[in-house]
Amino acid sequence: MRADRFAQRRARLLALVASEGLGGLIVTHVPNVRYLTGFTGTAGLVLLLPQDTVFLSDFRYRTQAEAELGDEVRVEIAPADVWERLWRVLAGYPGVERVGFEAQKVTVADAERFTRVNGRTRFQPVRDLVERLRLSKDADEVAAIRAAGRLASEALAATLPCVRVGQRERDVAARLEAELRTGGSEWHPFPTIVASGPRSALPHARTGDRVIERGDWLLLDFGAQVDGYCADVTRTVVVGRPADQRQRMVYQLVREAQLAARQRVRPGMTGREADALARGLLEARGLGDAFGHSLGHGVGLEVHEGPRLSRLNQDPLPEGAVVTIEPGAYFPGWGGVRLEDDVWLGPGGPELLTDGDVELRELL
Ligand code: ZN
Ligand code: ZN
């Protein structure tokens with residue numbers, strides 16, 4: 001990613017910070033630090049001021065920070081307590097009186113430090129300032145998610161032909177994760193879900209020891225990560241024999257709902273309206289109660305971020321957001337189907353970033 005991208009993001013954030021009546025912002029949420037500076041490590045914080053961007057971390061990250069951050073960011077490596085160093089740095093800017101911090105990302109223990117600091121600085125909790133900027137993805141971000149989506153497809157394509165009746169869920173997950181890693185995924189952005197038979201009815205099942213039986217649903221929900229950006233994909237397949245009539249019926253209804261939503265979702269519609277694209281179809285076919293979660297979520301540097309495609313979200317979806325479309329239908333004791341793809345809400349309409357291949361697959 002080009003260095004000027006980060007400078008542009010910081011400039012846009014500073015405008016938001018000023019509009020909140022603040023003289024600066026302490027950014028502690030690691031994905032936000034990465035978004036603003038390009039730092040790929042896991043420990044560091046940023047003090048963003050109109051006159052300076054200061055990155056603070058400990059000695060483990062000195063070399064990495066100096067290599068990744070570019071000339072415009074001042075790097076401060078603290079020998080011990082990064083927060084103590086932060087107070088010292090802040091004391092060098094006597095004109096800065098009110099500084100924001102990320103209310104949802106600071107621990108109570110760290111927040112207590114604000115009350116102990118002497119001097120004129122006042123600290124004010126703020127919410128979602130960086131997250132607001134992150135909603136709309138630029139071309140580089142979309143390209144990274146698309147690349148992650150491609151890795152996810154390739155890993156699944158390499159895994160499914162090896163699935164057999166008699167294997168455990170964890171055997172399948174191990175294979176899939178190995179394919180993701182060797183294919184180039186930086187990490188698994190969340191624990192891979194492989195849920196078989198009746199366990200596929202648990203929307204957030206954990207991969208377990210259950211042995212796959214003939215005729216089982218096998219639900220695979222997994223992610224890939226490229227340049228820090230995630231793709232999030234779910235496929236549901238039948239193992240060991242062709243789908244029976246009920247399986248086929250449920251699958252086709254979920255598929256129809258997924259296709260409708262991913263083709264009709266648009267920037268500007270509310271999260272609730274987007275959710276209704278799939279929910280309305282499933283409700284009309286009597287599957288409304290079986291679809292107990294929301295349609296989707298934003299995906300980017302974090303696998304779950306804004307905006308929500310949910311009945312509870314009355315805000316318009318921003319142009320440039322990348323969201324998942326993942327309707328499902330779950331029947332306790334029988335099983336469930338979920339189909340998930342990622343789309344970019346471009347000005348001309350939705351664009352798929354994952355393969356979108358939701359034909360019913362029977363692994364015979
Ligand atoms: Zn998922
Ligand atoms: Zn998801």
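Counting starts at 1 for both ligands and their atoms, in listed order.
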Peer 1: Among the N, O or S atoms of Asp232, which one sits nearest to the Zn ion (ligand 2)?
Peer 2: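 Of all N, O or S atoms belonging to Asp232, OD2 is the one nearest the Zn ion (ligand 2).
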Peer 1: Would you name the N/O/S atom of Glu340 that lies closest to the Zn ion (ligand 1)?
Peer 2: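 Of all N, O or S atoms belonging to Glu340, OE1 is the one nearest the Zn ion (ligand 1).
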Peer 1: Strictly below 4.0 Å, N to O, side chains only: are Arg9 and Glu72 in salt-bridge contact?
Peer 2: no
Peer 1: For the Zn ion (ligand 1), give me the closest N/O/S atom belonging to Asp221, just the atom name.
Peer 2: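 Atom name returned: OD1.
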Peer 1: With a 4.0 Å cut-off on N to O distance, would you call Asp58 and Arg60 a salt bridge?
Peer 2: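 Looking at Asp58 and Arg60, the cut-off is met.
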Peer 1: Evaluate whether atom CZ of Arg132 has more than 12 neighbouring non-hydrogen atoms of other residues, nucleotides or ligands under 6.0 angstrom away.
Peer 2: yes
Peer 1: Assess whether side chain to side chain donor-acceptor pair (under 3.5 Å) is satisfied between Glu177 and Thr192, documenting all intermediate values.
Peer 2: CA-CA 8 Å; Glu177 290 182 350; Thr192 302; 2.6 Å; yes
Peer 1: Before accepting this row, confirm whether a basic side-chain N of the pair Arg235/Asp341 lies closer than 4.0 Å to the acidic partner's carboxylate O.
Peer 2: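 Asp341 and Arg235: salt-bridged.
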Peer 1: Any N/O/S atom of His304 sitting less than 2.8 Å from the Zn ion (ligand 2), backbone or side chain?
Peer 2: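 No, outside the cut-off.
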Peer 1: Closest N/O/S atom of Glu326 to the Zn ion (ligand 2), by atom name?
Peer 2: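 Per the distance ranking, Glu326 contributes OE2 as its closest N/O/S atom to the Zn ion (ligand 2).
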